[in-house]
Amino acid sequence: MRLDDYIDGLEPDEDARRRRLAKEKSYEVTEYLEDFERAFEESVQGGDLFGSTSPSVFVGRSGYPDVSTGLLSPVAGDVDPESLVTDASWYGAVGIDDVVQRRSSLLNSNRRADVRDAGSLSGSESVHDAWNGFLGTQREVAIAGDPVDVEIGLDGTPELDLSGGEISAPRGPRARANRAELAENPYVPRPVKKTLEDDDWQAEGAMTYLYRRGFDVYEINNILSAGALGRGENRRLVPTRWSITAVDDTVGQFLRGQLRGTQSIDQVEVHENEFMGNRYWVVLAPGKWEFELVEMKAPGSIWNQGQGEVWMGAASEGFEGRSGYVDETAGAYYASRLGVLEHLAERGRQAKCLVLREVSDDYWAPVGVWQVRESVRNAFDDEPGEAEDFATAVRAIEPHLPVSTNRLRRKSSMVSGLQSSLADWT
Amino acid sequence: MFKAIVSADTLKTTLDSVSVLVDECKIHLEEDGLEIRAVDPANVGMVDLSLSADAFESYEADGGLIGVNLSRLEDIAGMADAGQLVSLELDEETRKLHIQIDGLEYTLTLIDPDSIRQEPDIPDLDLAAEVVVEGKDINRAVKAADMVSDHIALGVDGSNETFYIDAEGDADDVHLELDRDDLIDLSAADAHSLFSLDYLKDMDKAIPKDAEVTMELGEEFPVKMHFDIAEGMGHVTFMLAPRIQSN
């Protein structure tokens with residue numbers, strides 16, 4: 001499709017859009033919390049939480065290496081626990097308020113632990129030996145293929161803290177746990193067993209193996225987080241947030257490696273996608289791999305709460321990747337890069353890729369980096385707009401961006417110029 | 001057959017010029033000296049180096065080809081003090097390089113040259129502008145540009161007869177201009193090309209601060225930088241593909 005026609009076809013009906021957003025912003029959350037408190041009182045007997053089915057785990061990062069580590073489980077009995085776990089299926093199916101609601105319906109029963117150690121419950125073994133006690137139960141939940149029935153002993157009542165002074169993905173209520181036990185024998189998929197049992201396998205290799213065996217990054221992240229991957233002596237609890245980035249980066253590096261010797265795409269393509277108040281433009285151009293994420297965050301959006309101008313951040317890599325951490329774009333960089341690399345790996349072609357992310361003020365609660373990953377993954381579903389060359393494509397997109405051409409050019413390495421090859425002159 | 005003695009300084013400078021771009025390279029052991037040509041995996045930066053037999057204390061070779069791991073060889077060369085001599089001898093049968101530094105013996109396993117990336121064809125470039133600058137000026141420009149951006153424009157203003165460097169960051173700019181008086185030489189013609197600082201920083205590391213660097217530039221063309229090493233008995237040419245703005 002010609003790029004002009006492609007872009008014309010994208011114009012959303014403004015009124016419909018506004019109506020939809022107004023609806024999405026309705027704060028049903030408060031009401032929901034009251035329901036939660038009622039359900040909680042019904043489920044807890046004598047400080048113990050029975051009949052809970054835990055689909056997932058959470059490891060905090062504050063105080064590292066002494067972190068809070070917990071089991072997530074729904075309190076109300078009538079919800080499908082699986083539906084509360086963030087994964088690729090959320091794309092297109094949930095709005096921001098759904099995310100807040102789903103997250104807040106999972107109770108985080110947690111205790112503190114040293115990332116290297118199972119803590120007092122199982123003596124002083126390091127994490128990789130921890131199959132008993134709280135951490136053992138947590139690990140079983142992380143590696144299980146399905147949600148696991150657990151019994152959790154709680155100290156006191158949960159704290160409901162959704163106001164959140166600190167900006168972070170919405171969290172559910174938390175309660176201090178003193179024990180956790182399995183109430184069933186969990187099912188563990190065979191490839192996961194294999195990575196667990198081989199304690200001479202580096203975490204990177206094990207992650208890649210699981211990915212190739214069809215596990216999505218969400219599942220791998222859970223397993224890595226619980227300290228179940230890597231060489232025996234190196235196994236640690238990994239704060240969930242770091243673990244997400246580590247999995248995106250590792251799988252991305254694997255895919256990038258696969259593309260190294262492949263042919264390039266033939267034509268400049270523009271793919272657009274919009275989800276949860278975030279708009280993405282993905283421009284693919286012929287040539288050797290090169291990647292950049294440029295983020296533009298509107299004032300009033302959750303990450304740029306001030307007034308004034310659009311906040312910009314950018315990070316990029318050349319053919320051989322990058323060495324430093326991406327300060328400005330953080331986890332969104334690796335999540336969007338993964339989405340692009342998966343698409344290219346499917347085609348068996350390499351390309352130069354620029355991702356432009358516009359965060360509008362409709363993005364009122366940060367829902368997590370999965371939103372970036374899934375938006376980019378799904379940006380390739382439709383036929384792209386095609387352009388003569390990269391500069392033409394960028395010029396056509398610029399009027400739809402919240403920043404000036406000059407600001408974009410100054411911020412973006414790729415918009416300033418694409419890396420050529422010496423072979424172009426031989 | 002290859003047997004040579006060379007000063008540690010000369011060896012280190014030679015290896016540095018290549019290792020800034022690649023980890024492994026082929027070394028041609030010609031009768032009249034060494035030759036190395038290598039390009040980075042992305043085919044963006046290239047080095048073409050020759051070191052004459054005269055740069056060695058003694059040199060014997062008959063046209064062999066060896067493959068080396070550069071960081072290994074650099075580590076070994078790093079064991080020698082500045083003025084020390086390093087003796088190198090190829091064992092044809094075991095395909096190992098025997099290295100001796102003042103009683104220290106190191107046997108380096110060589111790499112099969114066929115397993116190393118093919119040597120690049122040298123682009124045939126007709127670059128209109130040429131400036132000769134001191135290595136320290138390049139270093140200064142690269143350092144300043146790196147504070148504001150990840151790319152740098154190198155250009156020549158034909159009518160004003162100046163060589164200039166521009167870097168634009170999201171907030172700050174760097175501009176450096178050298179006229180005929182600041183330069184060792186200048187053949188003026190309009191030229192302007194944008195380059196990745198990652199590459200230029202690496203190349204800059206290998207350019208001696210007191211070297212006279214001849215820089216050839218065009219309009220959105222690769223830059224060619226050449227300079228002498230080993231007191232004029234060696235020569236290095238770097239070539240770097242530009243970042244292209246116009247399409």
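Just so it is clear, the model here is predicted, and its values are computed rather than measured. Chain letters run A, B, ... following the sequence lines, proteins first, then strands; residues in each count from 1. Computed over heavy atoms, backbone and side chain alike; hydrogens, waters and symmetry mates excluded.
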Counting only heavy atoms not in E161(B), do more than 12 fall under 6.0 Å of its CD?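 Atom CD in E161(B) is crowded, with more than 12 foreign heavy atoms closer than 6.0 Å.
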
Tell me, yes or no, whether the heavy-atom count around Q267(A) atom CD, taken from other residues, nucleotides or ligands under 6.0 Å, exceeds 12. yes

Hey, which of P123(B), A153(B), S149(B) has the most heavy atom pairs under 4.5 Å with chain A? P123(B)

Return yes if some donor-acceptor pair links the side-chain N/O of Q350(A) with the main-chain N/O of W289(A) below 3.5 Å, else return no. yes

Okay, side chain of E383(A), backbone of M1(A): is any donor-acceptor separation there less than 3.5 Å?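 Yes: the side chain of E383(A) pairs with the backbone of M1(A).
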
Quick check on [X] against chain A: is it the side chain, the backbone, both or neither that has a heavy atom closer than 4.5 Å?
X       : value
D126(B) : neither
F221(B) : both
D198(B) : neither
D121(B) : both
V39(B)  : side chain

Tell me, for Q419(A) versus chain B, whether the close heavy atoms (under 4.5 Å) come from the side chain, the backbone, both or neither. both

Looking at chain B, which one of E388(A), R409(A), R407(A) has the largest number of heavy-atom pairs inside 4.5 Å, strictly under? R409(A)

Testing V283(A), V294(A), V394(A), L354(A) one by one against M414(A) for a side chain to side chain contact (heavy atoms under 4.5 Å, CB included), which residue passes?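 Answer after filtering V283(A), V294(A), V394(A), L354(A): L354(A).
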
Do E290(A) and K352(A) sit within salt-bridge range, that is, some charged N less than 4.0 Å from a carboxylate O?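 Salt bridge present between E290(A) and K352(A).
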
